[in-house]
Amino acid sequence: MSNKLSQLKEFTTIVADTGDITAIKDFLPEDATTNPSLMLKAAQIPEYAPFLEQAVAWAKTQSNDKEQQILDAGDKLAVIVGTEILKYVPGRISTEVDARLSFDKDATLAKARKLIALYEEAGVSRDRVLIKAASTWEGIKAAEELEKEGINCNLTLLFSFAQAQACAEAGVYLISPFVGRILDWYKKSTGEEYTAETDPGVVSVTEIYNYYKEHGYNTVVMGASFRNIGEIEQLAGCDRLTISPNLLEELKKDEGKLERKLVPATDIKPAPAAITEAAFRWAMNEDAMATEKLSEGIRNFAVDQRKLEVTLASML
């Protein structure tokens, strides 16, 4: 029997949740995704030093203002790393908009367009890139406009059904519901332990997947932020799963049988009325887990973005 990673690839697209090119070469995923935290880790890898130097050198040609140079270097580094990763994956790279722009629709639009322009200047067409943004109301509305411009988006830091509903109605290309972080919150909040079947993150993604398929939404569901392979196994059949190298290795070594858990609906129901901004914000207010984890995720990404910028600033 083939290993569980090979079996999983038969009905789920595997995405590498890393900016480490060596890991990507090892596991041969379809797509790859990065975020500020992964970019910060990647920047510590000696092999990445030339990428940082290239980004900083380019930034110096764009502006004489030190603060602007830092921002430009960060954007260029993300595109350089993304372009390098695309040499080893046949699909797409997800590149994240600065988390500090999460509540500014216009700034998110500007940053997304800038990143796409940098990719296109590097010879990478926009159909190989997904722009990642937080699943705030502003992020979702920015993505709605970007999708109309042919810029596909990956809405991340997604923890609630309301976020998922708004993303589907906005025509977002892909969502990344965070399985493990949902589990973290419930374990801390309730003090309980959960099985793979009762894992609140697994339950959430299953509900979203079934809702999308029942109503014929085209938005791709990509489970993310896994804590163990049990969560992954329970979501076998999900459109995509983005998995860290250590869990990919576990799946690769496991020779057991993997059963498909998620299967698309065959009968399509009419879509419900679209969620309003007021209803979205109220639903988030009522969901303590989603509100807390969204805010925490944005803060943490911003912290890592600033740490990366300190490194880049020291090179200017």
Side-chain angles (χ1 to χ4, degrees), residues 15-16 18-21 24-25 29-36 38-43 45 47-102 104-134 139 142-156 172-174 301 304-305 308-309 311-316:
V15 180
T18 180
D20 184 345
I21 293 168
I24 290 167
K25 290 178 184 177
E30 179 73 19
D31 297 343
T33 181
T34 63
N35 61 43
L38 294 175
M39 287 298 297
L40 179 62
K41 289 179 183 176
I45 300 172
E47 290 80 3
Y48 277 59
F51 298 156
L52 272 73
E53 293 168 4
Q54 184 182 342
V56 168
W58 178 84
K60 288 178 178 179
T61 69
Q62 302 301 302
S63 171
N64 292 320
D65 180 77
K66 180 78 174 284
E67 293 303 312
Q68 186 59 48
Q69 287 177 349
I70 294 170
L71 295 174
D72 286 341
D75 292 339
K76 186 65 172 178
L77 178 63
V79 171
I80 291 170
V81 171
T83 301
E84 186 68 18
I85 288 172
L86 285 174
K87 295 177 182 177
Y88 306 101
V89 297
R92 298 183 184 235
I93 181 69
S94 287
T95 298
E96 191 138 358
V97 168
D98 190 332
R100 292 167 294 189
L101 307 179
S102 296
D104 188 330
K105 174 188 167 185
D106 290 339
T108 295
L109 285 168
K111 181 69 78 173
R113 291 166 182 151
K114 179 183 178 183
L115 290 169
I116 288 296
L118 288 173
Y119 269 113
E120 291 180 336
E121 286 172 14
V124 176
S125 61
R126 61 181 59 189
D127 63 358
R128 296 205 67 199
V129 181
L130 293 178
I131 293 295
K132 286 179 78 176
E144 186 170 24
E145 290 193 25
L146 291 168
E147 292 287 351
K148 292 173 182 175
E149 297 173 17
I151 299 174
N152 292 147
C153 298
N154 170 354
L155 270 289
T156 187
V172 169
Y173 181 84
L174 180 148
F301 280 163
D304 286 342
Q305 182 69 33
L308 179 60
E309 288 174 355
T311 299
L312 294 170
S314 70
M315 301 173 64
L316 286 166

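All heavy atoms count here, side chains included; hydrogens, waters and symmetry mates do not.
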| said: Under the criterion side-chain contact (heavy atoms from CB on, under 4.5 Å), I'd like the reasoning laid out for Ile21 against Lys25: C-alpha separation, chi angles, the key distance, then a yes or no. | reply: CA-CA 6 Å; Ile21 293 168; Lys25 290 178 184 177; 3.8 Å; yes
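- Salt-bridge check for Lys114 with Asp75: passed, with a basic side-chain N closer than 4.0 Å to an acidic carboxylate O.
- Between Lys87 atom NZ and Ile24 atom CD1 the span is 12.5 Å, to the nearest 0.5 Å.
- For the pair Ser94 and Thr33, the tightest heavy-atom approach, listed with the atom from each and the gap, is CB-OG1, 3.3 Å.
- Shown here for Cys153 and Leu130, the closest heavy-atom pair between the two residues is N-CD2, 4.2 Å.
- In this structure a side-chain-to-backbone donor-acceptor pair under 3.5 Å is missing from Lys76 to Gln54.
- Separating the CZ atom in Phe51 from the CG atom in Leu77 is a distance of 9.0 Å, to the nearest 0.5 Å.
- Inter-residue side-chain proximity for Thr34 and Ile85 is flagged as met; some heavy-atom pair is nearer than 4.5 Å.
- No side-chain heavy atom of Asp20 sits under 4.5 Å from any side-chain heavy atom of Lys41.
- Residues forming a side chain to side chain contact (heavy atoms under 4.5 Å, CB included) with Ala107 (at least two apart in sequence, or on another chain): Leu101, Asp104.
- If you take CG on Asp304 and CZ on Phe301, they are separated by 8.0 Å, rounding to the nearest 0.5 Å.
- Using a 4.5 Å cut-off on side-chain heavy atoms (C-beta onward), Asn35 and Thr156 make no contact.
- Using a 4.0 Å cut-off between a side-chain N of Lys or Arg and a carboxylate O of Asp or Glu, Arg100 and Glu309 qualify as a salt bridge.
- Side-chain polar atoms of Asn154 and Arg92 form no donor-acceptor pair below 3.5 angstrom.
- Here the shortest heavy-atom pairing between Pro29 and Pro90 reads O-CD, 3.5 Å.
- Here the CD atom belonging to Glu149 is positioned 12.0 Å from the CD atom belonging to Glu144, to the nearest 0.5 angstrom.
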Residues 117-125 side chain polar contacts: donor-acceptor under 3.5 Å, at least two apart:
unit_1 : atom_1 : unit_2 : atom_2 : d
Tyr119 : OH     : Thr95  : OG1    : 2.6
Glu120 : OE2    : Arg126 : NE     : 2.9
Glu120 : OE2    : Arg126 : NH2    : 3.3
Ser125 : OG     : Asp127 : OD1    : 2.4

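- The pair Glu145-Lys148 does not meet the salt-bridge criterion, since no charged nitrogen lies less than 4.0 angstrom from a carboxylate oxygen.
- Counting only heavy atoms from C-beta outward, the side chains of Leu109 and Leu146 approach each other to under 4.5 Å.
- Taking all atoms of both residues into account, the shortest heavy-atom contact from Val89 to Ala32 is CG1-CB, 4.4 Å.
- For the residue pair Ile93 and Gly82, the shortest heavy atom distance occurs at CG1-CA, 3.9 Å.
- Across all their heavy atoms, Gly91 and Asp31 have their closest contact at CA-OD1, 3.1 Å.
- The CE atom of Met315 sits 12.5 Å away from atom CD of Gln69, with the distance rounded to the nearest 0.5 Å.
- The CG atom of Leu174 lies 9.5 Å from the CG atom of Asn152; values are rounded to the nearest 0.5 Å.
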| request: Apply the test side-chain contact (heavy atoms from CB on, under 4.5 Å) to residues Val129 and Leu115: give CA-CA distance (whole Å), side-chain angles for both, the deciding distance (0.1 Å), then the verdict. | output: CA-CA 9 Å; Val129 181; Leu115 290 169; over 6 Å; no
